[in-house]
Number of protein chains: 2
Amino acid sequence: MILQKKDAFNRFAAKRGLRSTRQRDLILDVFLSSHDHLSVEELYLKVKATNPGVGQATVYRTLKLFVEAGLAREMTMSDGQTRYEHLSAGEHHDHLICTRCGAIVEFEDATIERLQGEIALRHGFSITSHRLDLYGICPACKATPV
Amino acid sequence: MILQKKDAFNRFAAKRGLRSTRQRDLILDVFLSSHDHLSVEELYLKVKATNPGVGQATVYRTLKLFVEAGLAREMTMSDGQTRYEHLSAGEHHDHLICTRCGAIVEFEDATIERLQGEIALRHGFSITSHRLDLYGICPACKATPV
DNA sequence: CTTGCTGCAAACAGTTTGCAGAACT
DNA sequence: AGTTCTGCAAACTGTTTGCAGCAAG
């Protein structure tokens, strides 16, 4: 799974004439072995933990490459931070987001996807992507007194 | 319609002990008489056109009040800007967004709303709000060569 | 007269960029 | 050797905040 993604990135890099560097390998490792939805800051700190010399700018630049390579998806959160989640070819999922603790749960719903397609058609749009976030309180937070 | 919203804001202001100022009235007028989904910058420019002395900070502060008063909804766009749209009590709609020209078309779909509720229930979440954006190319752009 | 509101400018947070040196091929 | 990539720091963008003066009640 992780190897597949590394291969995918290597193919992308080769096609684009990008060089293979220690930093890019490292950032890819950390990204792939982490849970989804990391902010750049979180990823940067994880990378720095094992390899202090790496700069933030490189993390920013490398994440943009992952997006171009189709490995990652960018999500602009309402707190102004950008988060990156894993993305496999053709796969898509939406999010339940806890507004108290920030937990993010993924889900998929084929019926909603289909209805979205119908709505787009009705308005003459050709859809390239979409984003569905449901905000609320997760079960754990409901059980915990504020 | 516009008067109703002004009343709503006045009631909110009274309850909160806020003062009635020239700037707030002006910004509310401009906001209510504009199309939806304005960025702060756009609104600020419109306000400044008729009343040059108004500062950006006031526009930012006033828009946050509108959100608290339930007149407006904040949307963080992927370009990093925040846009504000009109909001009436209980009303909700989602968006088709053209990635070429930036046009935003609103739609509502009761079935999707219901399915969202079911998904939330299944995961034990209590939903407070949601956001559904469909990104693609609008009919006008499809007809226009790049 | 008292307190909240405004405009300005400075501060901030997240992200991007220019550049000199390091590293890949 | 030639060129890309990196790290640093400075620049940028959108937004927030501190403060002195202004204005509403």
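Bear in mind the structure is a predicted one, so any value in this text is a computation, not a measurement. Every chain is numbered from 1 and lettered A, B, ... according to where its sequence line falls, protein lines coming before strand lines.
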In B/S/- notation, 5' to 3', how is nucleotides 20-25 of chain C contacted by protein heavy atoms closer than 4.0 Å? ---BBS

Whole Å only: how far is the CZ atom of A/Arg83 from the C1' atom of C/dG14? 13 Å

Boundaries of the DNA chain D segment in contact with chain B, non-hydrogen, under 4.0 Å: D/dG14 to D/dG25

Hits for side-chain hydrogen bond (donor to acceptor under 3.5 Å, both in side chains) against A/Gln116, two or more places apart or cross-chain, chain-then-number order -> A/His130

Does anything in residues 47-54 of chain B reach DNA chain D, meaning a heavy atom under 4.0 Å, and if so which residues? none

Can you find a side-chain donor-acceptor pair between A/His37 and A/His86 that sits under 3.5 Å? no

Flag if over 12 foreign heavy atoms under 6.0 Å of CD, B/Glu106: yes

Would you please name every residue forming a ring pair (Phe, Tyr, Trp, His ring centres under 6.0 Å) with A/His123, sequence neighbours left out? none

A/Arg22: what forms a side-chain hydrogen bond (donor to acceptor under 3.5 Å, both in side chains) with it, not counting sequence neighbours? A/Asn51

Within residues 63-74 of chain A, find the residues that approach DNA chain D with a heavy atom at under 4.0 Å, and present them sorted by residue number. none

Atom CZ of B/Arg24 to atom C1' of C/dG7: distance rounded to whole Å? 14 Å

Could you walk me through whether B/Ile97 and B/Leu134 pass the side chain to side chain contact (heavy atoms under 4.5 Å, CB included) check? CA-CA 6 Å; B/Ile97 301 175; B/Leu134 307 182; over 6 Å; no

Least distance between heavy atoms, B/Ala120 atom then B/Ile127 atom: CB-CG1, 3.1 Å

Nearest whole angstrom, please: distance from the C1' of C/dT15 to the CG of A/Asp79. 14 Å

Salt-bridge criterion met for A/Asp133 and A/Arg131 (N-O under 4.0 Å): yes

Does A/Asp29 have any salt bridge (Lys or Arg N to Asp or Glu O under 4.0 Å) partners at least two apart in sequence or in another chain, and if so, which? A/Lys6

Those residues that, when tested against B/Asn10, pass side-chain hydrogen bond (donor to acceptor under 3.5 Å, both in side chains) (two or more places apart): none

By a strict heavy-atom criterion of less than 4.0 Å, which residues belonging to residues 5-15 of chain B are in contact with DNA chain C? none

A/Met75 backbone acceptor or donor facing A/Arg83 side chain under 3.5 Å: no

Donor-acceptor pair, B/Ser88 side chain versus B/Glu91 backbone, under 3.5 Å? no

Looking at A/Glu42 and A/Lys46, is any side-chain nitrogen of the basic one under 4.0 Å from a carboxylate oxygen of the acidic one? no

Using side-chain hydrogen bond (donor to acceptor under 3.5 Å, both in side chains) as the criterion, list what pairs up with B/Glu74, not counting sequence neighbours. B/Lys64, B/Tyr84

Sorted by number, the residues of residues 29-45 of chain A with heavy-atom contact under 4.0 Å to DNA chain D: none

Should B/Leu65 and B/Arg16 be marked as a side chain to side chain contact (heavy atoms under 4.5 Å, CB included) after you check the CA-CA gap, both sets of side-chain angles, and the distance that decides it? CA-CA 11 Å; B/Leu65 286 181; B/Arg16 285 266 298 256; 4.2 Å; yes

